[in-house]
Amino acid sequence: MTDTLIPDMAESGATIDGLELRTQLFIGGQFRDAAGGGRFTTENPATGRPLAEVARGGAADVADAVRVARRAADDGRWSRMSPGDRKAVLLRWATLIEANAQELGIIETLDAGKPITDTVGLDMPETAACIRWHAEATDKLYGEVAPAPEGVVATITREPVGVVAAVIPWNYPAQMAAWKLGPALATGNTIVIKPASTTSLSLLRIAELGAEAGIPDGVLNVVTGPGDTVGEALGRHPDVDCLAFTGSTEVGRRFLTWSAESNLKRVLLELGGKSPQLVFPDVTDVAGLAQHVALAIFWNMGENCSAGSRLIVHRSIKERVVDAVQAELANWPVGDPLDPATRIGALINRGHMERVLHYVDVGRREGARVVAGGERILEHTGGYFVPPTIFDNVRNDMTIAREEIFGPVLSVIEFDTEAEAVALANDTPYGLAASLYTDDLNIAHRVARELKAGVVGVNAYAEGDMTTPFGGYKLSGFGGHDKSLHAHDQYTETKTTWIQLRGPG
Ligand code: NAD
């Protein structure tokens, strides 16, 4: 493990080898401390050492941020800006994010333990691309004219919902923010966004770049702090019009309750998953398949809502597939997230690592067999490293096949018939993603249609791209979809205007 960029402690605004961290709340275009003056420590998961002291926002800060966002929504400084001008601002922002991808990627890697190759090469370019895609749509969204009776003009137009609050997770901090910020801002809303407390740093810098790009003060506000204070305050706030949440199903449920108990704000939930990968016996390219299978479960340390954590494979081909996935592990080195050769960095924190290892113990106790990984490694670094772990002989009723582990743990389950494969795949409370592998077009279409999941990949692990919606069935989601033009529906009201024309004279 190299240690070059990793500090013992960075105070607010301190530099790390030239890296300046933003650690305060961003409200009304200004960085400022939390009203209570509190701070909390965010650590580097690759060393277990403190990284920065971040402002601990509270209910008073949420109230302030929502007030500022409401004022900005009501005075129209953003919503009434011409779509072309709004687009230009957002495009400048995307360009700035791209130009600063290296710095942002290092921040993300230090804060989240994610491999630098991913953060610089994927997360930040994708973050910029998301903002750009929605920016481009800004001046291409038309209203409708209804087929009204003679003497009537009826229009159907879109309006911003007003003040959006977003509460996001720590696994893709910048990208998850962009999935909310892009469509919410492109459609003219103002926003108060709360990052996960483990990963506040990249979003604060991205917000600053937004101001530099020309997003007016008060339109984009960031309140850092714990979920059970900042998150709940946003969920209960009577002046938030829409709450977009990405995170666990357990916390997602609470936002529905808080909405019901406050102002019936619109709630959008992108939640957890336990996604199946189905392998049919006719597959010929087993090595190619193994690459996709490994990507599906080990990418981002398995800290991925759409992770393909259940490999449901035909009995006749199982051994070959498991061998091929094991061989593929040679391409997934675990180690220092700052090393460009690393593909698996550190899990987000000690608590999460212990939770993942607990599931591994439960899997062993319930009778599944570990064929790769299964123990913490690189402990001397102080970091939270768990290597790719594969369980064979898993039954779908075992805990490791039912609960979301959110780590690099793959469960291999056998099937004999297509009907059984589909039943196993759908036998989960979740329904976010699924993939299936077959060379037979008939199986591909039949099975894709049967799977209860928001995104189905055929012969690939895929979440689609910015042009396709992302969201889940069942406990994986509710209320809308991220990405694509469907995301705009979430942040707009539909207005009917019925105009009765008077006759001549
Ligand atoms: P989490 O639910 O613990 O936290 C998500 C956000 O909610 C964070 O900002 C957190 O601070 C906040 N929060 C936590 N407790 C809260 C509370 N009591 N009240 C209000 N807010 C609270 O989830 P996580 O651990 O950050 O992320 C992992 C989960 O997110 C997994 O279940 C994963 O599947 C899901 N996820 C889903 C998607 C998707 O698009 N469907 C994407 C990424 C992650």
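Residue numbers start at 1 and run along the sequence shown. These figures come from a predicted structure and were not determined experimentally. Atoms within a ligand are numbered from 1 in the order they appear, just like the ligands themselves.
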Subject >> Carboxylate-amine/guanidinium proximity below 4.0 Å for Arg236 and Glu261 >> reply: yes
Subject >> Protein residue, atom and distance nearest to atom 11 (O) of ligand 1, heavy-atom basis >> reply: Lys194 NZ, 2.9 Å
Original post:
Between Trp258 and ligand 1, which part of the residue brings a heavy atom under 4.0 Å of the ligand: side chain, backbone, both or neither?
Top reply: side chain
Original post:
Where is the nearest protein heavy atom to atom 2 (O) of ligand 1: which residue, which atom, and how far?
Top reply: Ser248 OG, 2.6 Å
Original post:
Relative to the heavy atoms of Leu432, which atoms of ligand 1 are at a distance of less than 4.0 Å?
Top reply: 41 (N)
Original post:
When you measure from atom 25 (O) of ligand 1 to each heavy atom in Trp179, Phe245, Trp170, Tyr430, which option holds the nearest one?
Top reply: Trp170
**OP:** Pick out which of Leu289, Val458, Val313, Leu278 makes a side-chain contact (heavy atoms from CB on, under 4.5 Å) with Tyr437.
**Re:** Leu289
Original post:
Using 4.0 Å as the upper bound for N to carboxylate O, is an ion pair formed by Arg32 and Asp61?
Top reply: yes
Original post:
Could you walk me through whether Trp179 and His134 pass the ring pair (Phe, Tyr, Trp, His ring centres under 6.0 Å) check?
Top reply: CA-CA 9 Å; Trp179 284 15; His134 291 289; 9.7 Å; no
**OP:** Report yes or no: does Ser306 have a heavy atom closer than 4.0 Å to ligand 1?
**Re:** no
**OP:** Would you check the N or O atoms of Ile168, main chain and side chain alike, for any that come under 3.5 Å of an N or O of ligand 1?
**Re:** yes
**OP:** Say whether Asn300 and Glu303, considering side chains only, have a donor N or O and an acceptor N or O under 3.5 Å apart.
**Re:** no
Original post:
Which atoms of ligand 1 have any heavy atom of Asn171 under 4.0 Å away?
Top reply: 43 (C), 44 (C)
Original post:
Salt-bridged, Arg132 to Glu136, with N to O below 4.0 Å?
Top reply: no
**OP:** May I ask you to identify the nearest protein heavy atom to atom 21 (N) of ligand 1, giving residue, atom name and distance to one decimal place in Å?
**Re:** Gly227 O, 3.2 Å
Subject >> Residue Val167 vicinity, atoms of ligand 1 by number, heavy atom under 4.0 Å >> reply: 6 (C), 7 (O), 9 (O), 12 (C)
**OP:** For atom 39 (C) of ligand 1, grab the closest protein heavy atom and report residue, atom and distance to one decimal in Å.
**Re:** Cys305 SG, 3.3 Å
Original post:
Under 4.0 angstrom from ligand 1, any heavy atom of Tyr172?
Top reply: no
**OP:** May I ask you to test the Val164-Cys242 pair for a side-chain heavy-atom distance under 4.5 Å?
**Re:** yes
Subject >> Protein contact to atom 18 (N) of ligand 1 [nearest heavy atom, distance to 0.1 Å] >> reply: Arg254 NH1, 3.1 Å
Original post:
If you count the atoms of ligand 1 from 1 in the order shown, which ones are under 4.0 Å from a heavy atom of Phe255?
Top reply: 20 (C), 21 (N)
Subject >> Short side-chain donor-acceptor distance under 3.5 Å, Glu53 and Thr41 >> reply: yes
Original post:
Looking at side-chain heavy atoms only, is the closest gap between Asn189 and Val161 below 4.5 Å?
Top reply: yes
Original post:
Should the proximity of Asn304 to ligand 1, defined as any heavy atom under 4.0 Å, be assigned to the side chain, the backbone, both, or neither?
Top reply: neither
Subject >> Met301 side, atom CE; Tyr384 side, atom OH - distance, nearest 0.5 Å >> reply: 14.0 Å
**OP:** With heavy atoms only and a cut-off of under 4.0 Å, state how Val251 meets ligand 1: side chain, backbone, both or neither.
**Re:** side chain
Original post:
What are the atoms of ligand 1, with element, lying closer than 4.0 Å to any heavy atom of Thr246?
Top reply: 5 (C), 36 (N), 37 (C), 38 (C), 39 (C), 40 (O), 42 (C), 43 (C), 44 (C)
Subject >> Numbering as shown, the atoms of ligand 1 that approach Glu232 to under 4.0 Å (heavy-atom distance) >> reply: 20 (C)
Subject >> SB check Glu208 Arg22 (cutoff 4.0 Å) >> reply: yes
Original post:
Heavy atoms of the protein only: does one fall short of 4.0 Å from atom 4 (O) of ligand 1?
Top reply: no
Subject >> Interfacing atoms of ligand 1 (cut-off 4.0 Å, heavy-atom, Gly231) >> reply: 20 (C), 21 (N)
**OP:** Looking only at non-hydrogen atoms, find the nearest pair between Arg253 and Leu475 and report the distance.
**Re:** NH2-CD2, 3.8 Å
Original post:
Quick one: nearest non-hydrogen protein atom to atom 27 (O) of ligand 1, plus distance?
Top reply: Pro169 CB, 3.4 Å
**OP:** Check the side chains of Thr246 and Lys180 for a donor-acceptor pair under 3.5 angstrom, ignoring hydrogens and angles.
**Re:** yes
Subject >> Atoms in ligand 1 flagged as close to Pro195, the criterion being non-hydrogen separation under 4.0 Å >> reply: 9 (O)
Subject >> Contact partition for Met176 relative to ligand 1, non-hydrogen atoms under 4.0 Å >> reply: side chain
Original post:
Among all protein non-hydrogen atoms, which one is nearest to atom 35 (C) of ligand 1, and what is the separation to 0.1 Å?
Top reply: Gly247 O, 3.2 Å
Original post:
Are Asn331 and Arg343 close enough that a side-chain donor and a side-chain acceptor fall under 3.5 Å?
Top reply: no
**OP:** Might you point out which heavy atoms bring Gly272 and Tyr430 nearest each other, and give the distance in Å?
**Re:** O-CD2, 3.4 Å
Original post:
What residue and heavy atom of the protein are closest to atom 41 (N) of ligand 1, and at what distance?
Top reply: Leu271 O, 2.8 Å
